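In what follows, a single structure is set out as structure tokens and then discussed.
From a predicted model like this one, the values you see are computed outputs, not experimental measurements. Hydrogens, waters and symmetry mates play no part in the numbers below; they use all other heavy atoms, side chains included. All residue numbers in this chain count up from 1 along the given sequence.
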Amino acid sequence: MASCSKVRNSEVANELHANCRLGSVQFVICRDTDGKIQAFHNVCRHHASLLASGSGQKSCFVCPYHGWTYGLDGALLKAARITGIQDFNVDEFGLKALQVATWGPFVLINLSENILQPQLIANKTVGSEWLGNCSEIFSANGVDSSLSYVARREYTIECNGKVFCDNYLDGGYHVPYAHTGLASGLKLDAYTTTIFDKVSIQACESSTYQQQGGGDDFDRLGSKAFYAFVYPNFMINRYGPWMDTNLVLPLGPNKCQVIFDYFIEASLKDDKVFVSQSLEESERVQIEDITLCEGVQKGLESPAYSSGRYAPTVEQAMHHFHCQLYEDLMSK
């Protein structure tokens, strides 16, 4: 299963999120008129135009190129100006469907051509396929569907996707040097890393935990931070009342896009001061990380660098990521 953090498991019928992508694959996800989640390749069956972009609510998909129209179930409803066309079966020109399922707050798609029957896509099966042997740990650490969606931030970074993932996976190694504000709120000497088959989980207790709220008692981290990396390019971060997800999209050998989606416990979603302060603090940390990653990319392109070494006590998750990536690249 693959995740798309540009989509959240909304209860709003007809809500669509278009132009999500994994690599070069474009797809659109929506709820149809019955509230059922649907996923399709975001490609018109006429001349391959992209059908939609962005997010919102629509009753159908209308191709911006020649006006071909599709229902939210993917069926072709209208093909403009095709009088005289021969051997045309409208049932053969609906949108190409993708297998879609939900797990907790996430909507997942399967790009495989081997589509499972709906009755086989049980919640436990989806969790096991996506997260391997640690899906229950996610649930136990507050990764659930009761959180309210807050905002999205998108960053285009002058480094490749691997460099960004490496920075995330160094076991807090860089935090005291690059994120002094964040470091002051964490017990870094108690930082832990646990490796699973498809996932690595980093955790750290807070050193300044207090009740959440805006003003002088501002504290977005809570009592413990939980950082999960789902191979190959998705991160789930749960801390205090917050959860954010990071989706890394490679754009080339030295560029990537990272999409952050922020969620918060429902009781605090209307606390504008706390939400604003939290997002501002997160933005500061992201800018610090971008500076680091872009510096590493430049260093990697220097003839002075060939390879480095792993710090055994902290960089286990990075090593795990590299081993998985190596196996995938060697099997191509």
Tell me who clusters with Y65, hydrophobic residues only, linked when side chains sit under 4.5 Å apart either directly or through other members.
-> none

Does the side chain of F138 reach to within under 4.5 Å of the side chain of W130, using non-hydrogen atoms?
-> no

Side-chain touch L108/V126, heavy atoms, less than 4.5 angstrom | yes

D261 CG to I236 CD1 distance, which is reported to the nearest 0.5 Å = 11.5 Å

Treat each ILVMFWY residue as a node, draw an edge where side-chain heavy atoms are under 4.5 Å apart, and state whether M235 and V175 are in one component.
-> yes

If Ile, Leu, Val, Met, Phe, Trp and Tyr residues are connected whenever their side-chain heavy atoms lie under 4.5 Å apart, and connections chain through other members, are Y173 and L292 in the same group?
-> no

Scanning both residues in full, the closest heavy-atom pair of Q202 with G172 reads OE1-N, 4.0 Å

Locate the shortest heavy-atom distance separating H179 from V285; write the atom from each residue and the value.
-> CE1-O, 3.5 Å

Partner of P241 under side-chain contact (heavy atoms from CB on, under 4.5 Å), picked from L147, V275, I264, is I264

Nearest-0.5 Å distance that lies between atom OG1 in T192 and atom OH in Y227 | 11.0 Å

If you round to the nearest 0.5 Å, how far is CD of Q38 from CG of D32?
-> 5.0 Å

Could you tell me which non-hydrogen atom of M243 sits nearest to which non-hydrogen atom of F106, and how far apart they are?
-> CE-CZ, 4.1 Å

I82 reachable from L77 in the ILVMFWY side-chain graph, under 4.5 Å edges = no

Looking only at non-hydrogen atoms, find the nearest pair between A39 and I109 and report the distance.
-> CB-CG2, 4.0 Å

Qualifying side-chain hydrogen bond (donor to acceptor under 3.5 Å, both in side chains) pairs with a residue from residues 74-84, counting only residues at least two apart or across chains | none

Kindly work out whether a path of hydrophobic side-chain contacts (I/L/V/M/F/W/Y, heavy atoms less than 4.5 Å apart) joins I195 to Y191.
-> no

For S146, check side chain to side chain donor-acceptor pair (under 3.5 Å) against everything at least two apart and list the hits.
-> D144

With rounding to the nearest 0.5 Å, note down the distance linking NE2 in H320 to OG1 in T193.
-> 12.0 Å

Residues passing the ring-ring contact (aromatic ring centres under 6.0 Å, His included) test with H46, sequence neighbours excluded, are H66, W68

With sequence neighbours left out, the residues meeting ring-ring contact (aromatic ring centres under 6.0 Å, His included) with F229 are F321

What's the shortest heavy-atom distance between S307 and Y305, and which atoms?
-> C-OH, 3.4 Å

Hey, could you give me the CG/CZ distance between L76 and R45, rounded to the nearest 0.5 Å?
-> 9.0 Å

Residue set satisfying salt bridge (Lys or Arg N to Asp or Glu O under 4.0 Å) with E288, at least two apart, ordered chain then number -> R284

Apply side chain to side chain donor-acceptor pair (under 3.5 Å) to R153 and list each qualifying residue two or more places apart in sequence or on a separate chain.
-> none

Could you check if a side-chain atom of D170 sits within less than 4.5 angstrom of a side-chain atom of V314, using non-hydrogen atoms only?
-> no

For Y326, what are the other residues in its hydrophobic cluster, where any two members join if their side-chain heavy atoms are less than 4.5 angstrom apart?
-> M330

Worked check of side-chain contact (heavy atoms from CB on, under 4.5 Å) between V28 and L51 | CA-CA 9 Å; V28 60; L51 273 178; 5.6 Å; no

Do you know which two heavy atoms are closest between L72 and C30, and how far apart they sit?
-> O-SG, 3.5 Å

More than 12 heavy atoms from other groups under 6.0 Å of CD on E280 = no

Which atom pairs, one a donor and one an acceptor, fall under 3.5 Å between side chains of residues 157-168 and the rest of the protein, sequence neighbours left out?
{"residue": "N160", "atom": "OD1", "partner": "K162", "partner atom": "N", "Å": "3.1"}
{"residue": "N160", "atom": "OD1", "partner": "V163", "partner atom": "N", "Å": "2.9"}
{"residue": "N160", "atom": "ND2", "partner": "P253", "partner atom": "O", "Å": "3.3"}
{"residue": "N160", "atom": "ND2", "partner": "Q297", "partner atom": "OE1", "Å": "3.3"}
{"residue": "K162", "atom": "NZ", "partner": "D166", "partner atom": "OD2", "Å": "2.7"}
{"residue": "D166", "atom": "OD1", "partner": "H322", "partner atom": "NE2", "Å": "2.8"}
{"residue": "D166", "atom": "OD2", "partner": "H322", "partner atom": "NE2", "Å": "3.4"}
{"residue": "N167", "atom": "ND2", "partner": "D289", "partner atom": "OD1", "Å": "2.9"}
{"residue": "Y168", "atom": "OH", "partner": "A228", "partner atom": "N", "Å": "3.3"}
{"residue": "Y168", "atom": "OH", "partner": "A228", "partner atom": "O", "Å": "3.4"}
{"residue": "Y168", "atom": "OH", "partner": "N237", "partner atom": "OD1", "Å": "2.5"}

Find out whether L98 and H41 are in side-chain contact, i.e. whether some heavy atom of one side chain is under 4.5 Å from a heavy atom of the other.
-> yes

Apply ring-ring contact (aromatic ring centres under 6.0 Å, His included) to F40 and list each qualifying residue two or more places apart in sequence or on a separate chain.
-> none

Out of curiosity, I137 CD1 to F226 CZ, how far, rounded to the nearest 0.5 Å?
-> 7.0 Å

Partner residues of Q286 under the side chain to side chain donor-acceptor pair (under 3.5 Å) criterion, sequence neighbours left out = S282

W103 versus S139: any side-chain heavy-atom pair under 4.5 Å?
-> yes

Minimum side-chain heavy-atom gap Y70-C44 below 4.5 Å | yes

Residues which pass ring-ring contact (aromatic ring centres under 6.0 Å, His included) with Y231, listed by chain and number, not counting sequence neighbours = none

